[in-house]
Each structure stands twice: as structure tokens, then as C-alpha cells.
Amino acid sequence: MSQDYIPQTLELALQAQWAETGRFAVQPDNTREKFYCLAMFPYPSGKLHMGHVRNYTIADVIARYQRMQGKNVLQPMGWDAFGLPAENAAIANNVPPAAWTRENIAHMRAQLQRLGYAYDWDREIATCDPHYYQWEQWFFTQLYEKGLVYKKMATVNWDPVDQTVLANEQVIDGRGWRSGALVERREIPQWFIRITSYAEELLDGLDTLDGWPEAVRTMQRNWIGKSQGVELAFGLETPIADLDKIEVFTTRPDTLHGVTYISLAAEHPITLALAEQHPPLQQFIDTCKQASVAEADMAQAEKLGMDTGLRARHPLSGEEIPVWVANYVLMDYGSGAVMAVPAHDERDWEFARKYDLPLKTVICDPEGNPADTQSGAYTEKGVLTASPGFDGCSFEEAFEGIAARLEETGMGRTTTQFRLRDWGVSRQRYWGTPIPMLNLAEGGDIPIPADRLPSLLPEDVVMDGVTSPIKADPEWRKFELAGEACERETDTFDTFVQSSWYYARFTCPNYTEGMLDSEQANYWLPVDQYVGGIEHAILHLLYSRFFHKLMRDAGLVSSDEPFKRLLTQGMVLKDGAKMSKSRGNTVDPQTLIDRYGADTVRLFSMFAAPPEQSLEWSDSGVEGANRFIRRLWRLVHDFDSTQAAVPSDALSDEQKNVRRKIHETIAKVSDDYGRRQTFNTAVAAIMELCNELGRHPADDSSDHAVISEGLHAVLQMLWPITPHLSEHLWPVLTGNAFVESQWPALDETALSRDELEIVVQVNGKVRGKVKVPASADNAEIESLAMSQENVQRFLTDKTIRKVIVVPQKLVNIVAQ
RNA sequence: GCCCAGGUGGUGAAAUUGGUAGACACGCUAGCUUCAGGUGCUAGUGCUCGCAAGGGCGUGGAGGUUCAAGUCCUCUCCUGGGCACCA
């Protein structure tokens, strides 16, 4: 007699049991292989959305699959708890960010528990906990001592009405989101970590990450952006701002004779000096400053420029080159000046056309003629022309020749440049880790001594929406060091700092003697499987790799890279865009959990699409996942498990077919879970098997044995995805308690076939199918294929030119 | 603008190594079951011509390579992600 499937009851009962027995709590164990499975921890925004469910289900399926392989699996969970949304919520709801954040954590923790994820909850971390961020502060002071941290002026978005710094997200169409004022770029002192010192290693390390998607590695390579080029200078007749030359970097020294002007950034010292005597230029600089600092905004902004009237000397030809100021040249990047070659660079070409600046074509097209640059820039490399002394040279010859000439005259040298910039970690916001630095009365900075850490963030605060409470409170700032009064830094860390090392802290979350307990860290690290959104392909993953190397060089961990294998999950989109609170297009999975239970939600989110693909959200199909679960439920309950299931030696063909299907499915699902990580096709294969088991009659004891074998395998294979269902049905089927570390064994002999079906094509089109004995050789297959009636029809009046036989698959007869 | 992906039925998708396009589901249609249906079962379902057997077309678009292309190459259009202060 079938009982009804009531997921709420059975899921809650099992979850309570898992919690009570500490089922998923783990410790190092040298008798088993370890496996550290980690999903990117969430920002506690309020409640889970479908993107979270997808992310955490993928990781949980992998973790549980590895448990079934007998491994010692660590799967922790925590909270990326600092960040901007808490400040916004605090203002909107009149509640301190800390309280809002902790409430969200409590709610979301309950939701994750309701989804039945196999987490070791004893290791839970929230980054806003002082026990966490104190070690981050400590580590920063260590980096300071090593010279890996420094302070410099850097550009921020400034809201002139609210008198506050805005995040890029808070700038909408060039205006502050609250005040509506046009934002300005402003330079303020900020702390930086020297990620560029590790640029080379971060680049080279990508080659070792063969468990990472190629797309992510490519994006990181391009982001680091190593390029060979030449640093050269255009001389000035009279020094300006103590500079007697303008330095530029180019990867195309071969086009040096094509330079027709130079562009300076608005913040370049020469620009600023010139503006002092030139009011229109000052006006232009002010216009340039009225823009967001986001690179995307700048790249899409209309290109604006102004001739400064200054002339610089071309380092080879000695010609006078006009010096312009352009809004697309960035002071933060490179030297803040570029040599413009409009004939061979697209941006320069556009700019030159707009301001009617001359073009000088110095590269030939493949035919050997000067390239046509009238209708657009010619950016290919080619043989030089109109370049005295280098005409006829290839790119490589010209590169070396021109670099050598510049070196002789002291006007340049070959160099390697990285696109990567140092990591600015200062944020002018409240809800973050206080930067553990002190401003001394006589000027200068010094780290807060280790024994005075943590530098605690006060939590009981009122947000006014404009100024950070720790900036507004002069008392908080006060600090006494060796009897001297000084002031705390009131900026906080970028939240990426917290998320750059949490994976390591999970190995020893309660360690009080230091940042990491190396013994624990080195047992578990590196993370064997990291799962998270593709939107983190560059920043978070690069910063984490960087931090790992910093921790290694501090002797805290012994590995070089933090994440061995990476699965970048596609985004769950709604209305065609990333789900986010700020867009208001999130989908709440709670209603689905309440209605269908966790297993249905888990099954559906795995079945809907392959994990790496982005997914436009729609509810349709959830019903189908639930229907499958109920069908399996009946199948198991209706199966007479009391009847002895003795496998017979002599199975019928039909029974052999079912057994083959069982073992083909085991092979496929193992491959899909383990190597391919395509959980949707694994589910489809299990569904197919269930369909077949349901169709097969249970007439005799051999039938019974075969179906029993199939149902056992189905419940085991489904455990990673629908653990409650599997654990609940297992005793119904077997009379015994579910044994976790047991993946169904593959019986290779069950896979063999006596007969194969081969497709027959004529000129590439399918004209028939033919059954051939598995042992048939190519000649036999060919003659069987030829004998097909429909094949013959298409061969009449034709001469056979060629016959291609693809073993096990097809025959293609080429005829004319 | 730059970097990285993706585009296949009415829908989500499958096709793993260049070898049968559309597995598995959703939806829909018809039938059975049921007092009833947000139940269960059976059959059908890319488009198109045909009574059928079978044929033609078909993987964003245009070209190309190949006995064979969703898969490889060139160009192009569209969608999504990232662009350093959203996380």
C-alpha cells in the first residue's frame, strides 16, 4: 500500500536527525582522502533567491557525491556580511546595519537548513564578527611591515551636494542617486595593496589551473594584461611642472612615425600647470572631471579634447607634436599620457577625425601599399613605410630597431607593462572592517599594534544616509599610542578583502592563536571544488588567488593556489537580467519549498539547465520534477520488497536489456556528476531508467531481481540531489538504514551487446538503419547496409565512389 | 568602447571525440480513469508535402572547409556577464 508523499514531514524529520547526530561535521582524518567543497558564501541580503538555490544545490550535489565515494568531505557555510546594502537598509528601515544583517543571517540560515544542505554548521563564519576581521586587520599590518601596502591619492566619485563619496553603483547617468547632482571625480588619499608585485605569478599560475574553465583563465589573463612595449619620451623646450619631457608607453613603437599628437589626462601635472595661465583649459579640465570613475562610463562617453598649445619634440624625427588634453586618458593608468597614432589606432582615429587632426599612414597593407586609413584606422601589423630609416621593416624589426634607437638617445627603453593596477582597499563607508591604521599628529601613518587589535567597529549606530557614523564620531577616532594622541583611520576595507581569505578560515574558524591554524589549513587546502557565479570570474577570484599567495609568503599555508577546480555557475536571470535586490527582480524560492518540498526544488534547479549556462527563470517545469518524485515514490512503495530477489543466471533478452540500461545509467551518471558536472543530463538519464523500470513487468523472480537492482541504483544515484527522498525510501526498499558511502557498482559485463544498430547514409543523408552483429567487420557492415531496400532506391543509376564506415555508428555511401 | 560567454521546436533543453538534430521534461491535442480534478494512465506532438511508404526543409544570419557541420574556419547580428567603490 502506497503512503502519500508528504515532503514537509519527512524532510524536516531527516534534517532534525542530521543536525542532532552532527552528520556533516568533519575533522581531519588521514585514513581517507579529503575533499573540500565550497560554494561562494552569500551576502545576507534578506532571503534566498533562486540564484542561491542553484549555487548551493550544485555544490551540495558535488559534496554528497564525493561523500558517496568515501571521501572526508568538508562543506562549510558562512556570510559575506559587510557591505553597502546594509547601510541602505539601515537608512530605509531605521535599524543599525549590524542588527539588520544579523536578522537576515538568521532567516537565510534557516532557509538553507530547510533545503537540506550537507554543511558543517559548526564552522559558520560571519565576516562582520570581530573574531574574523581582527585577523584581517592583523594581516594588513603584516603586509604594511613588508612594504606591500602603501597610501596614495586616488580618484573617487564625489557627490558635491551630499558631500560624500559614491560607489559606482550609486552613480546613475552621471548623477548621485540621492541628490541627483552631477558627480565629480575627486582625488583623496587611499590605501593600496601591491597586487602588481604578484602580477607575473598570478599570470603564470593560470597555466597550472587546469580545473578552471578556460573562459575564466582567459578573462584573468586579459585583465592582468601583460604587454611588451616601449616607454619613451617626447621632449619639451621649456620644463613645465618640473618636467622636461612627456613620458608615454606604447605596444606599437613601430608606428612611432605615425604620431601626430599627444594626449594628456586632465589630472596630468602638465595639464594642471598649463591651466593656471589658461582659463579655458581649466574650464575644460572641470568638464572632464564631471564624470563617473567607472571605466565603462568613460569608454562610452563622448570623446572630448582640447589643444593646450604646447608642442613636444618627436624623439626620432625632432618634429613638433601638438599636445592635447583628452577625457579618455586616465591618470590612474600608465603615465597619464599617450602618443596618438590616428592612422593605426581606432580611438585616436575617431578623435583625430572629430578635431580635424592629421593622419600619417606608416604601415603597409599585405599588398605592400600604404594602408588605406581614410575610412578607418588600420590596426594590423605590417611592413613600415614613411618611417625614415625603418621603411620595409617588419613589426619585429621595427620594434627592436626603434627601441634601440631610443635607447641610444636616452629617450626610451623596452619594458613590460601590466594592465593590472594595485588594489585600492579604502572605502569611505561605515559597515566594513576598520582599516587598522593610525594617523600620527605630526603626519604619517603607523599600523595599530597587534596587541591592540581588533580595531572594533561600533555596532549601535544611527545612519544619517550621508556620513559614516565612525567618521561623524570624534570619540571613536581617538587613540593613544605610547602616551601620544593619534587618530584612527576612519575608512573601512573593501568587502573583497573579507571574501579573499574566508575559504582558508573555514578550516579553523574558531582558532584564537592566529589568523590560521596551519595544520588544519594545510590538511584541507586547497579547496578541491569551488562553485560560484560567473560574475566573479575576475575580481573575487583574482583577489583570492592573490591573498592565497600572500598567506603562503607569510608562512600560513603551503599551497600556491586556493581553488583546484572551479565551476562557474550561470546566472539565474529574471526579465533578461541578473537577479539582484537593487533591480527588484528576485524570485523567492520559499513559496516553492513550502508547496513542493526541498527535494523538488533541488531536483528542478538541477534539471532545468546545465550549471554553467545562464537561465531565464520560469516556474514551469517544477511540477514535472515533483511528478517524477511522486512516480518514483509509488514505484518503490508498490514494489514488493518482501519477495526474495534472487538474480537468475539465465536472464531473458528483455531482462538483459533492463540490466544494461541500469549499468549504462550508472556509468553515465557517474561521469556526469564527477567529470562533466552536467547534472541536468544525469537527472534525465535517471528519469529514463525509471521509465524503463516502470514499464518492465515484475512477473518472475528474475524480473524482480532486475527491478530491485535498478531501484537500489536509482535511490543511490539520486541521493546527492534528493537526499531526503532517497534516505526515506531506502528502508522501504531494503529494510535497512541508508548507507551513505556506497555508490552503486558498475557491472561492465552487463553493458555488452550482441547486436548494434548502424545508420546508413547515402551522400550524407540517412536512408536506413540496419542491425548488425557486434562482431561484424567493416565488409559485413557494408554489405548489410547496401542490401537495405531504401538504400538501394537511392543508389540506382549511380556509381559508388566511396564508402565510409564509422565503427559502431554509421555507414556513408558516396555515390554519383 | 574593451574583455568573456551564449543563440537549437510553442518552452527548459539533449547531441561528451566532426558521424542519426530535438534525448529527458514542460506545454499542448486526443482518449481512458475519476463524483470531481492543480490526480493517474495511454497515444500524438520541429516545419512542410504525401492516403501511405516515403520525400523536402530545419540549430540567429551570410559565406567556407569536409564523404559528413549545431559542432571546425571567416565575417556579421542579437542577448547576457565583467570593466577595478554592487556583491
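Chain letters run A, B, ... following the sequence lines, proteins first and then strands; every chain starts at 1.
Checking A87(B), C4(B), G12(B) against the side-chain heavy atoms of Ala215(A) singles out C4(B) as nearest. The side chain of Glu295(A) sits closest to C83(B) out of U16(B), C2(B), C83(B). Residue Asn812(A) has its side chain nearest to C67(B) when only C4(B), C67(B), A15(B) are considered.
The nucleotide C2(B) finds its pairing partner in G82(B), both defining distances of the Watson-Crick or G-U wobble pair being shorter than 3.5 Å. As the counterpart of G46(B), C57(B) is assigned, both hydrogen-bonding distances of the Watson-Crick or G-U wobble pattern falling under 3.5 Å. Look at C72(B): its Watson-Crick or wobble partner, with both distances under 3.5 angstrom, is G64(B). A 3.5 Å limit on both hydrogen-bonding distances identifies C24(B) as the Watson-Crick or G-U partner of G12(B). Remark: G37(B) base-pairs with no nucleotide in the shown strands. Criterion, Watson-Crick or G-U wobble with two distances under 3.5 Å.
A84(B) and C3(B) have their C1' atoms separated by 13 Å, with the value rounded to a whole Å. When the P atom is used for both A14(B) and C67(B), the distance is 31 Å, rounded to whole Å. The gap from the C1' atom of G58(B) to that of U20(B) amounts to 15 Å, rounded to the nearest Å. Taking the C1' atom of each, A21(B) and G37(B) are spaced 38 Å apart, rounded to whole Å. A gap of 23 Å separates the P atoms of A69(B) and G54(B), to the nearest Å. Comparing G22(B) with C47(B), their C1' atoms sit 13 Å apart, to the nearest whole Å.
Protein atom OH of Tyr596(A) is 12 Å distant from nucleotide atom C1' of C26(B), rounded to whole Å. Computed from coordinates, the Gln428(A) CD to C86(B) P distance equals 12 Å when rounded to whole Å. If you measure from atom CZ of Phe496(A) to atom C1' of C83(B), you get 12 Å, rounded to the nearest angstrom. Put simply, CE on Met40(A) is 17 Å from P on C86(B), counting in whole angstrom units.
Listed pair Asn680(A) / G12(B) fails the phosphate criterion, with no side-chain N or O lying under 4.0 Å from OP1 or OP2. For Asn222(A), a side-chain nitrogen or oxygen approaches OP1 or OP2 of C4(B) to under 4.0 Å. Taking only side-chain nitrogens and oxygens, Lys765(A) comes nearer than 4.0 Å to OP1 or OP2 of C57(B). Between Arg217(A) and C4(B), a side-chain N or O to OP1/OP2 separation shorter than 4.0 Å is absent. Note on Arg419(A): every side-chain N or O is 4.0 Å or more away from OP1 and OP2 of A84(B). Between Asn790(A) and G55(B) there is a side-chain polar atom (N or O) within less than 4.0 angstrom of OP1 or OP2. Here Arg54(A) does not reach the OP1 or OP2 of G12(B): none of its side-chain N or O atoms lies under 4.0 Å away. When the side-chain nitrogen and oxygen atoms of Gln613(A) are compared with OP1 and OP2 of A5(B), none of them lie within a distance under 4.0 Å. For G27(B), the OP1/OP2 oxygens have a side-chain nitrogen or oxygen of Arg627(A) closer than 4.0 Å.
Gln761(A) comes within 4.0 angstrom of a base, heavy atoms only.
A tilted orientation is assigned to the rings of Trp633(A) and His637(A), their planes being inclined by 30° to 60°. Between Tyr543(A) and Trp423(A), the two ring planes are parallel [angle under 30°; tilted spans 30° to 60°].
Map Met687(A) and Phe794(A) each onto its nearest nucleotide of RNA chain B; the residue landing nearer the 5' end is Met687(A). Along RNA chain B, the nucleotide nearest Val216(A) and the nucleotide nearest Asp494(A) are compared for position; the residue whose nucleotide lies closer to the 5' end is Val216(A).
Cation-pi geometry between Arg194(A) and Tyr150(A) is met: under 6.0 angstrom from the ring centre, within 45 degrees of the axis. Under the 6.0 Å distance and 45° angle rule, Arg767(A) counts as a cation-pi partner of Phe794(A). A cation-pi contact links Lys152(A) to Phe192(A), judged by a cut-off of 6.0 Å to the six-membered ring centre and 45° from its axis.
With sequence neighbours left out, the side-chain hydrogen bond (donor to acceptor under 3.5 Å, both in side chains) criterion links Thr379(A) to no other residue.
Not less than 6.0 angstrom separates the ring centroid of Phe607(A) from the ring centroid of Phe628(A).
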